[in-house]
Number of protein chains: 2
Amino acid sequence: MHEPDAEAGPKPDADRGRAACSGDHVRACTVREVLDRVGGKWSIGIIIEASRGPIRFTELERSVEGISRRMLTLTLRNLERDGLLVRTTYPTVPPRVEYVATEMARELYDSLLVLTGWAERHRQAIAAAREAYDRRSAGTD
Amino acid sequence: MHEPDAEAGPKPDADRGRAACSGDHVRACTVREVLDRVGGKWSIGIIIEASRGPIRFTELERSVEGISRRMLTLTLRNLERDGLLVRTTYPTVPPRVEYVATEMARELYDSLLVLTGWAERHRQAIAAAREAYDRRSAGTD
DNA sequence: CGGTATCCCACCGGATACTG
DNA sequence: CAGTATCCGGTGGGATACCG
């Protein structure tokens with residue numbers, strides 16, 4: 001998800017996160033690594049769809065509801081770059097391109113299910129906390 | 001954020017085992033809920049610090065390296081609003097304010113550790129994928 | 001000490017039009 | 001069909017100054 005110029009430097013930030021992180025912050029940084037990868041608005045949805053088998057561009061466009069052509073392309077490229085998706089083109093007319101999640105991506109998705117569990121367990125509590133906080137703030141005005 | 005279950009599309013082609021499973025859309029949505037909460041640049045770092053016991057504003061400012069006063073305040077407010085942090089003020093002079101992670105936040109952190117594991121296991125593979133992708137792109141220019 | 005208030009910009013993501 | 005190219009707005013987040 002970069003504007004054309006932004007990615008200019010072909011500098012693979014392979015060991016990113018080591019130098020800047022020390023001690024307990026290593027974990028925070030590691031989590032951020034993942035978040036930077038799948039934190040985008042559409043990444044998860046695409047990974048889920050592509051985890052079920054090869055899927056075409058327009059199929060994704062339909063099944064990931066609300067996504068624009070641009071963001072679909074951008075997100076696909078990033079996921080492919082990170083090795084989470086494999087892109088296969090068939091030189092037919094009209095062209096046919098399929099995307100499929102890698103094993104690594106499926107593992108990631110499984111890991112994310114743990115977060116889903118957390119969210120489901122605490123959804124009510126969070127909603128309640130928000131309501132309480134907002135009510136207090138309203139009174140403090 | 002939740003689109004109401006408009007997932008409903010009756011899928012005529014059951015050819016590829018891509019049967020309509022409305023749960024996927026819900027899962028993607030649930031993951032996004034969490035991401036919206038802790039996807040910010042500083043949330044995780046703050047939660048980690050506050051998980052180890054009550055910590056003061058300026059202590060956080062020092063231990064979460066690189067954070068600005070503004071972002072510290074904003075992130076603290078959001079985390080408090082979601083019930084992930086408890087804020088306690090002591091009416092002393094000078095004022096003393098302490099933040100501490102709730103049990104819910106610690107559970108969240110534990111869940112995030114699963115992601116840390118994933119990131120550590122695949123860090124090399126991702127770096128390699130990026131390098132390969134960037135090299136290919138350079139050639140395709 | 002523990003914040004607000006402002007200004008500012010990078011950049012994510014939406015809409016639309018064009019193309020091989 | 002599977003993308004690019006462009007334009008544009010909203011906002012996350014940095015820097016700085018001020019306040020109770």
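Order of the sequence lines sets the chain letters (A, B, ...), proteins ahead of strands, with each chain counted from 1. Computation of the quantities below employed the complete heavy-atom set of this structure, encompassing side-chain atoms and omitting hydrogens, waters and symmetry-equivalent molecules.
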Distance test, side-chain N/O of R77(A) to OP1/OP2 of dT4(D), below 4.0 Å
yes
Those residues that, when tested against R77(A), pass side-chain contact (heavy atoms from CB on, under 4.5 Å) (two or more places apart):
T73(A), E80(A), R87(A), Y99(A), Y133(B)
Taken in chain and number order and not counting sequence neighbours, the residues that satisfy side-chain contact (heavy atoms from CB on, under 4.5 Å) with T102(B) are V86(B), M104(B), A105(B)
Should R130(B) and D134(B) count as an ion pair when the cut-off is N to O under 4.0 Å?
no
Global bending angle along the helix from dC1(C)-dG20(D) to dG20(C)-dC1(D), which compares the axes of five pairs at either end, to 10 degrees
40°
Set of side-chain contact (heavy atoms from CB on, under 4.5 Å) partners for A28(A), sequence neighbours left out
I44(B), I48(B)
Taking atom C1' of dG13(D) as reference, at what distance in whole Å does atom CD1 of I46(B) sit?
13 Å
Can you list, in residue-number order, the parts of residues 52-61 of chain B that come under 4.0 Å of DNA chain C, counting heavy atoms only?
R56(B), F57(B), T58(B)
Non-neighbouring partners of R121(B) that pass salt bridge (Lys or Arg N to Asp or Glu O under 4.0 Å), sequence neighbours left out
E107(A)
Report the residues that fulfil side-chain contact (heavy atoms from CB on, under 4.5 Å) with E131(A), sequence neighbours left out, ordered by chain and then residue number.
R135(A)
Who passes side chain to side chain donor-acceptor pair (under 3.5 Å) against R96(B), sequence neighbours left out?
E98(B)
Identify, residue by residue, the members of residues 82-96 of chain B with a heavy atom below 4.0 Å from DNA chain C, and return them in order of residue number, or none.
R87(B), P94(B), P95(B), R96(B)
So, are E103(B) and R106(B) salt-bridged, with charged N and O less than 4.0 Å apart?
yes
Y99(B) OH to dG2(C) P: how many Å, rounded?
8 Å
Separation of L72(A) atom CG from dC12(C) atom P, in whole Å?
17 Å
Interatomic distance, N78(B) CG vs dG13(D) P [rounded to whole Å]
10 Å
Between P on dC11(C) and CG on D36(A), what's the gap in Å once rounded to a whole number?
13 Å
Under-3.5 Å N/O pairs linking protein and nucleotides 14-16 of chain D:
| unit_1 | atom_1 | unit_2 | atom_2 | d |
| --- | --- | --- | --- | --- |
| dG14(D) | OP1 | K41(B) | NZ | 2.9 |
| dG14(D) | OP2 | W42(B) | NE1 | 3.3 |
| dG14(D) | O6 | R70(B) | NE | 3.0 |

From CG of L35(A) across to P of dG12(D) the rounded distance in Å is 15 Å
Check: S51(A) side chain, I47(A) main-chain N or O, donor-acceptor pair, under 3.5 Å:
yes
Whole angstroms only, please: what is the CG-P distance between L74(A) and dA5(D)?
11 Å
Using the test salt bridge (Lys or Arg N to Asp or Glu O under 4.0 Å), find all partners of R56(B) that sit at least two apart in sequence or belong to another chain.
none
Can you list the steps and then say if V34(A) with L108(A) is a side-chain contact (heavy atoms from CB on, under 4.5 Å)?
CA-CA 9 Å; V34(A) 186; L108(A) 172 60; 4.0 Å; yes
Mind checking salt bridge (Lys or Arg N to Asp or Glu O under 4.0 Å) for R69(A) and listing every partner two or more places apart, or none if nothing turns up?
E61(A)
Mind running side-chain contact (heavy atoms from CB on, under 4.5 Å) on L76(B) and L60(B) for me, showing each step along the way?
CA-CA 10 Å; L76(B) 285 173; L60(B) 278 169; 3.8 Å; yes
Using modelled atom types only, decide if a donor and an acceptor are shared between the side chain of R32(B) and the backbone of G39(A) within a distance under 3.5 Å.
yes
Starting at atom CZ of R62(A), determine the distance to atom C1' of dA2(D), rounded to an integer number of angstrom.
13 Å
